[in-house]
Amino acid sequence: MCGIVAYIGTKPAQPIILEGLKRLEYRGYDSAGIAVLSVPSGSKTGQVKVVKKAGRIANLEAELKNVAPAGLPGTLGMAHTRWATHGGVTDLNAHPHRDDKAGICVIHNGIIENYAALKTYLQEKGHRFISETDTEVLTMLIGELYEGDLEAAVQAALREVTGAYAICVMCENEPDTLVVARKGAPLMVGIGAGEYIVASDASAIIAHTTQAFPLDDYNVVKITRQGFRTSTTSNIAVNPKVMQLELDLEEIELGTYEHFMQKEIFEQPQSLRNTFRGRLQKDDGKVVLGGVSNFAKELVRAKRVILTGQGTALHAAMIGEYMLEDLAKVPAVAEYASEFRYRNPIIEDQTVVVAVSQSGETADTLAALTEAKERGALSLGVVNVVGSSIARETDAGVYLRVGPEIGVASTKAFTGQVAVLAMLTLFMARRRHMSTDACTRLIEDLESIPGKIERILEQDAAIKKVAERYCERENWLFLGRGYNYPTALEGALKLKEISYIHAEGMPAAEMKHGPIALINDGMPAVFIANRGRQYDKVMSNIAEVRARGGHVIAIATEGDKEIKKAAEDVIFIPDIAEQLSPMLTVIPMQLIAYHAAVLRGHDVDKPRNLAKSVTVE
Ligand code: G6P
């Protein structure tokens, strides 16, 4: 979603915020803009120059070369990548926005829900709008309320607003002030030496400083070159918690890979080693999860677990549902956060809600979590980004530790989420009924996963050939049963997201209840046919597809001789306990999607219309 970077200090702002903006490109966007405030010599007030363009940051850079070949002068500035919500993708609708009275300039991530009423009020006051955005309404409102104190005007405006926002505001009358605020959309302030850099996430800050603090909801920070002050929208002083950013610049750079998605697929053996490190105690048949150990009793007594998330995270949650019922013997259900939130869910005593999210900022998941907490559930987070909103809102949690995920199509976060849910399952199962031996066997299998993924990745060239054979086909099916039904959904989602091929994932058995009508000559059908309880049934489903002319690409267990006769193409994975197999079966599907998208000429790290982290409901 929208990316925000702002700078106040003593260096030229433009190169710093443009570089930061590029680090946020992965969030997904459709236009970009920049504003820099300069102070003419002898003047006490500043002048803001805004340049903004629909399309990629490269368009903005080209426009900047035209209008300001030497760069926009000034040491206070802000830049933004927009992911359209209100109003089309046009230069005018891009941020920053300006007011028509007080020299106010704003960038914003989120949605101002009562913008229509506010706009009517402001129009009656004589303001003239030039864009279709809710952000311009907020900008005019701040301008309308401005009486010589930018911080007070922002606080007053935000008290009138409903919706979600992360904003940066500057004003020509106050060239030494940057005001930033947040409710429901992420924002953090990086503290450098005599300079501050504000951004939607740490990746735009880390090149400048490792000291930063995230804003809480309703926080407003007034930053000057001398220091900062944090308060609420009601002007009550707040003490922010400054933390040390642990991100390594190398982790967010491409290195020798062509795309972040490719890099992250290949990082999975290492990222999972990090996920498991120090948490698996094979000899004792125990899993140690420091983040939830204070709630061990509640987890043992839990009567129901509700897992929730969106997109890829929901697919991981579905696998968690299967594992918790099968291995920990606790009733579990996985549900889209967006549906859970609004269907008046029944939360009985001793219910645990697990919010699964890579970013920890997904608005739907955050809203579901809040709802569940209000109804008395114990809330756990299975989150990647340390210090993110979901990580802070939950009672306890387990971090994925897979490192920053930049590729918009989630890969290493998925395997990390399944790995954490598997460990959470064993943590509960061992305390409820599972024997040491049974747990030890599963821990051995967990430990073997990174090495087994390496063996699958060695088949990259052969998997690319499969993608080459079928990438021109516009309709694909992904089919699996049991634990690999959610993985089939994930395989289809990967292909849709980056190659724009229509793909449907479903339980293999469901195919004959309708979707079988779609099968025509040569239609690719990816079957997850690894060894497991439903292997024979999957083989029957494969035969049904072959009989109707479909081309079967099977993901099967090494040593399976039958499958070669049944499928056109076979990709083998090493043997593993069925419950843990999704962490292996998903790898070939990630690679197929990646190669198909590259072969079709798409930019896999910047897929059209998608946002990495969706911070609006
Ligand atoms: C967006 C992304 C998906 C992601 C989903 C949930 O839709 O494009 O890749 O799976 O959000 O994101 P989260 O950060 O909560 O895991």
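Residue indices begin at 1 and follow the sequence shown. Read the numbers this way: they start at 1 and go in the same order the structure lists the ligands and their atoms.
- Between Glu474 and Arg600 there is a salt bridge, since at least one side-chain N of the basic residue sits less than 4.0 Å from a carboxylate O of the acidic one.
- A donor-acceptor pair is defined here as one N or O able to donate and one able to accept, closer than 3.5 Å; no such pair exists between the side chain of Gln417 and the backbone of Leu400.
- Although no hydrogens or angles enter the test, the distance criterion places no donor-acceptor pair under 3.5 Å between the side chain of Lys241 and the main chain of Phe213.
- Geometric assessment of Arg56 against the ring of Tyr29 yields a positive cation-pi assignment under the 6.0 Å and 45° thresholds.
- Considering only non-hydrogen protein atoms, atom 10 (O) of ligand 1 sits nearest to Thr312 N, 3.0 Å.
- Scanning the protein heavy atoms around atom 11 (O) of ligand 1, the nearest turns out to be Lys612 O, 4.0 Å.
- Classification of Glu253 and Arg23 as a salt-bridged pair holds, one side-chain N sitting under 4.0 Å from a carboxylate O.
- Counting the atoms of ligand 1 from 1 in the order shown, those under 4.0 Å from a heavy atom of Ser357 are 13 (P), 14 (O), 15 (O), 16 (O).
- Interface of Val408 with ligand 1, defined as ligand atoms under 4.0 Å from a residue heavy atom, comprises 9 (O).
- The aromatic rings of Tyr485 and Tyr322 lie tilted to each other, with the angle between the two planes from 30° to 60°.
- Looking from atom 16 (O) of ligand 1 to the surrounding protein, the closest heavy atom is Gln358 N, 2.6 Å.
- By the 4.0 Å N-to-carboxylate-O rule, Lys612 lies close enough to Glu405 to be salt-bridged with it.
- Proximity of Ala611 to ligand 1, defined as any heavy-atom pair under 4.0 Å, is confined to the backbone N, CA, C and O atoms.
- Listed by number with element, the atoms of ligand 1 under 4.0 angstrom from any heavy atom of Glu497 are 9 (O).
- Taking distance alone, with nitrogen or oxygen atoms compared against 3.5 Å, Thr365 stays at or beyond that limit from ligand 1.
- Not a single heavy atom of Glu361 sits under 4.0 Å from any atom of ligand 1.
- Summarising the contacts of atom 7 (O) of ligand 1 with Thr362, Ile390, Asp364, Val614, the nearest heavy atom is found in Val614.
- In this structure, Glu454 pairs ionically with Arg273, as a charged nitrogen and a carboxylate oxygen lie closer than 4.0 Å.
- Looking at atom 6 (C) of ligand 1, its nearest protein heavy atom turns out to be Gln310 O, 3.3 Å.
- Using a 4.0 Å cutoff on heavy atoms, Leu610 does not count as a contact of ligand 1.
- Residue-ligand proximity: Ser613 is placed with every non-hydrogen atom at 4.0 Å or more from ligand 1.
- Atoms of ligand 1 found under 4.0 Å from any heavy atom of Ser359, numbered from 1 in the order shown, are 13 (P), 14 (O), 15 (O).
- Taking the charged nitrogens against the carboxylate oxygens, Glu361 and Arg27 have no contact shorter than 4.0 Å, which rules out a salt bridge.
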